[in-house]
Engineer: 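Below: one structure in structure tokens.
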Amino acid sequence: MKNIELILSKLRDMHGKPRCELIYGNALELAVATVLSAQCTDERVNRVTLSLFAKYKSLQDYIETPLEVLEEDIKPTGFYKNKAKTIKNITREISERFKGHIPEDIDAFSTIKGIGRKSANMIVGLAYKTPAVIVDTHVARVSGRIGLTGSNNPEKIEKDLKKAIPEYLWTDISLFLILHGRYVCLARKPECERCLLQEECDYYNK
Ligand code: SF4
């Protein structure tokens with residue numbers, strides 16, 4: 001068994017506070033920003049959402065705005081045609097199936113087309129402070145290298161991390177693993193020489 005408290009403390013020493021780098025003010029804004037962040041940097045998403053969130057303040061704003069207008073408004077994030085369709089669908093489904101409220105239940109939220117398991121965990125975990133294991137590409141890679149999971153399957157990784165980590169730390173560790181994968185444990189060449197997790201890491205010690 002890995003010493004999770006020690007791993008957490010070292011991640012904190014390297015990355016400060018657990019944080020999401022997308023800027024949002026509520027669950028709807030986080031959901032939209034999460035869609036826009038696919039294949040796009042958080043920095044660029046934040047530049048686009050600065051004006052987007054000033055213009056679109058409610059589900060109805062997204063639902064009633066013509067698709068072509070929304071496409072233009074999110075264009076700099078790339079893949080804007082698909083993203084606009086996804087945002088339209090998500091806001092419509094939240095309005096019609098969930099009475100206009102983003103569900104606080106991760107399983108229910110992930111049934112919306114365009115919201116995968118990762119996004120549902122991220123949005124519900126952060127917006128409602130519900131413990132959630134967010135398995136994105138960074139979490140999958142870094143948790144595998146450290147030895148918290150032996151799987152490549154996101155659902156199995158989520159299960160393994162839930163077993164290995166106390167529930168109250170699920171969201172914090174997920175956010176730290178994302179930061180660690182983004183800035184230190186890089187996909188192609190992990191920067192192990194400046195990583196504090198050398199002793200705890202299976203990849204480093206193999
Ligand atoms: S020691 Fe290297 S492989 Fe292990 S977590 Fe740190 S950067 Fe990643």
Engineer: Using distance only, find each side-chain donor-acceptor pair of residues 172-181 under 3.5 Å and give its atom names and separation, not counting sequence neighbours.
Structural biologist:
{"residue": "Ser174", "atom": "OG", "partner": "Ile134", "partner atom": "N", "Å": "3.0"}
{"residue": "Ser174", "atom": "OG", "partner": "Trp170", "partner atom": "O", "Å": "2.8"}
{"residue": "His180", "atom": "ND1", "partner": "His15", "partner atom": "NE2", "Å": "2.8"}

Engineer: With heavy-atom distances below 4.5 Å as the criterion, would you say the side chains of Met122 and Cys20 are in contact?
Structural biologist: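 Counting from C-beta outward, Met122 and Cys20 do come under 4.5 Å.
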Engineer: Go through it in stages, so that I can follow the logic: the residues are Lys159 and Ser151, the test is side-chain contact (heavy atoms from CB on, under 4.5 Å), and I'd like the CA-CA distance, side-chain angles, deciding distance and then a yes or no.
Structural biologist: CA-CA 10 Å; Lys159 278 190 191 143; Ser151 177; over 6 Å; no
Engineer: Is it true that a side-chain atom of Asn205 and a backbone atom of Cys201 form a donor plus acceptor pair closer than 3.5 Å?
Structural biologist: yes
Engineer: Main chain of Ile157, side chain of Lys162: is a donor-acceptor contact present, judged purely on distance under 3.5 Å?
Structural biologist: no
Engineer: If only atom types and distance count, is the side chain of Ser110 paired as donor or acceptor with the main-chain N or O of Ile106 below 3.5 Å?
Structural biologist: yes
Engineer: In chain order, what residues pass the side chain to side chain contact (heavy atoms under 4.5 Å, CB included) check against Ser119, with sequence neighbours excluded?
Structural biologist: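 Partners of Ser119 under the side chain to side chain contact (heavy atoms under 4.5 Å, CB included) test: Thr34, Ile115, Ile123.
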Engineer: So does Tyr62 get a backbone contact from the side chain of Thr65, meaning a donor-acceptor N/O pair under 3.5 Å?
Structural biologist: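 A pair under 3.5 Å: no.
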Engineer: Find out whether Asn3 and Glu200 are in side-chain contact, i.e. whether some heavy atom of one side chain is under 4.5 Å from a heavy atom of the other.
Structural biologist: no
Engineer: Closest heavy-atom contact between Cys40 and Thr77?
Structural biologist: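 Closest approach of Cys40 to Thr77, heavy atoms only: CB-O, 3.5 Å.
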Engineer: I want to check something: taking the side chain as every heavy atom from C-beta on, are Leu22 and Asn46 in contact at a cut-off of under 4.5 Å?
Structural biologist: yes
Engineer: Using every non-hydrogen atom in the two residues, find where Ala84 and Leu70 come nearest and quote the distance to one decimal.
Structural biologist: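 Result for this residue pair: O-CD2, 3.8 Å.
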Engineer: Side-chain atoms of residues 187-197: list all donor-acceptor pairs with protein atoms under 3.5 Å, sequence neighbours left out, distances to 0.1 Å.
Structural biologist:
{"residue": "Glu191", "atom": "OE1", "partner": "Arg194", "partner atom": "NE", "Å": "2.5"}
{"residue": "Glu191", "atom": "OE1", "partner": "Arg194", "partner atom": "NH2", "Å": "3.0"}
{"residue": "Arg194", "atom": "NH2", "partner": "Tyr183", "partner atom": "O", "Å": "2.6"}

Engineer: Counting only N and O atoms by type, is there a donor-acceptor contact under 3.5 Å from the side chain of Arg47 to the main-chain atoms of Val45?
Structural biologist: no
Engineer: Holding to side chain to side chain contact (heavy atoms under 4.5 Å, CB included), I want the full list of residues that pass it with Asp73, two or more places apart in sequence or in another chain.
Structural biologist: Leu52, Lys55, Tyr56, Val69
Engineer: Closest heavy-atom contact between Cys185 and Val142?
Structural biologist: CB-CG2, 3.8 Å
Engineer: Measure the spacing between CD of Glu158 and NZ of Lys118 and express it to the nearest 0.5 Å.
Structural biologist: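 The distance works out to 12.5 Å.
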Engineer: Between Asn152, Asp160, Asn153, which is the residue that forms a side-chain hydrogen bond (donor to acceptor under 3.5 Å, both in side chains) with Lys156?
Structural biologist: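 Running side-chain hydrogen bond (donor to acceptor under 3.5 Å, both in side chains) over Asn152, Asp160, Asn153 with Lys156 returns exactly one hit, Asp160.
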Engineer: Which heavy atom of Ser37 sits nearest a heavy atom of Asp42, and at what distance?
Structural biologist: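 Looks like CB-OD1, 4.0 Å.
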Engineer: So Lys85 and Glu71, salt bridge (charged side-chain N to carboxylate O under 4.0 Å, His left out) or not? Walk me through it.
Structural biologist: CA-CA 8 Å; Lys85 264 193 219 123; Glu71 284 175 356; over 6 Å; no
Engineer: Is it possible for you to say whether Leu50 and Tyr80 belong to one hydrophobic cluster, with membership spreading through side-chain heavy-atom contacts below 4.5 Å?
Structural biologist: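 No.
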Engineer: Considering only residues two or more places apart or on different chains, which pairs with a residue in residues 87-136 satisfy ring-ring contact (aromatic ring centres under 6.0 Å, His included)?
Structural biologist: His101-Tyr128
Engineer: Are Leu148 and Lys2 close enough that some pair of their side-chain heavy atoms sits under 4.5 Å apart?
Structural biologist: yes
Engineer: Counting N and O atoms only, with roles assigned by atom type, does the side chain of Asp61 sit under 3.5 Å from a partner on the main chain of Ser58, one being a donor and the other an acceptor?
Structural biologist: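 Yes: the side chain of Asp61 pairs with the backbone of Ser58.
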Engineer: Is the side chain of Arg44 donor-acceptor paired with the backbone N or O of Pro76 at a distance under 3.5 Å, no angle test?
Structural biologist: yes
Engineer: What closest approach, in Å, do Leu28 and Lys57 show between heavy atoms, and which atom pair accounts for it?
Structural biologist: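 Nearest heavy atoms, Leu28 then Lys57: CD2-O, 4.5 Å.
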Engineer: Does Arg145 offer a backbone N or O that forms a donor-acceptor pair with the side chain of Asp202 under 3.5 Å?
Structural biologist: no
Engineer: Does the side-chain contact (heavy atoms from CB on, under 4.5 Å) test come out yes or no for Arg92 and Asn89, once each step is laid out?
Structural biologist: CA-CA 5 Å; Arg92 198 167 38 242; Asn89 183 65; 3.8 Å; yes
Engineer: May I ask you to decide if Thr171's main-chain N or O and Asn121's side chain share a donor-acceptor pair within less than 3.5 Å?
Structural biologist: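 Checking the backbone N and O of Thr171 against the side chain of Asn121, no donor-acceptor pair under 3.5 Å is found.
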Engineer: Apply the test side-chain contact (heavy atoms from CB on, under 4.5 Å) to residues Ile102 and Asn26: give CA-CA distance (whole Å), side-chain angles for both, the deciding distance (0.1 Å), then the verdict.
Structural biologist: CA-CA 10 Å; Ile102 290 190; Asn26 54 46; over 6 Å; no
Engineer: Using modelled atom types and a 3.5 Å cut-off, is there a donor and acceptor pairing between side-chain atoms of Lys83 and backbone atoms of Ala38?
Structural biologist: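 Side chain of Lys83 to backbone of Ala38, a donor-acceptor pair under 3.5 Å: yes, one is there.
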Engineer: Say whether Tyr203 and Ile7 are linked into one hydrophobic cluster, either directly or through other cluster members, by side-chain heavy-atom distances under 4.5 angstrom.
Structural biologist: no
Engineer: Check side chain to side chain donor-acceptor pair (under 3.5 Å) between Arg97 and all other residues, then give those that pass, not counting sequence neighbours.
Structural biologist: Glu93, Thr111
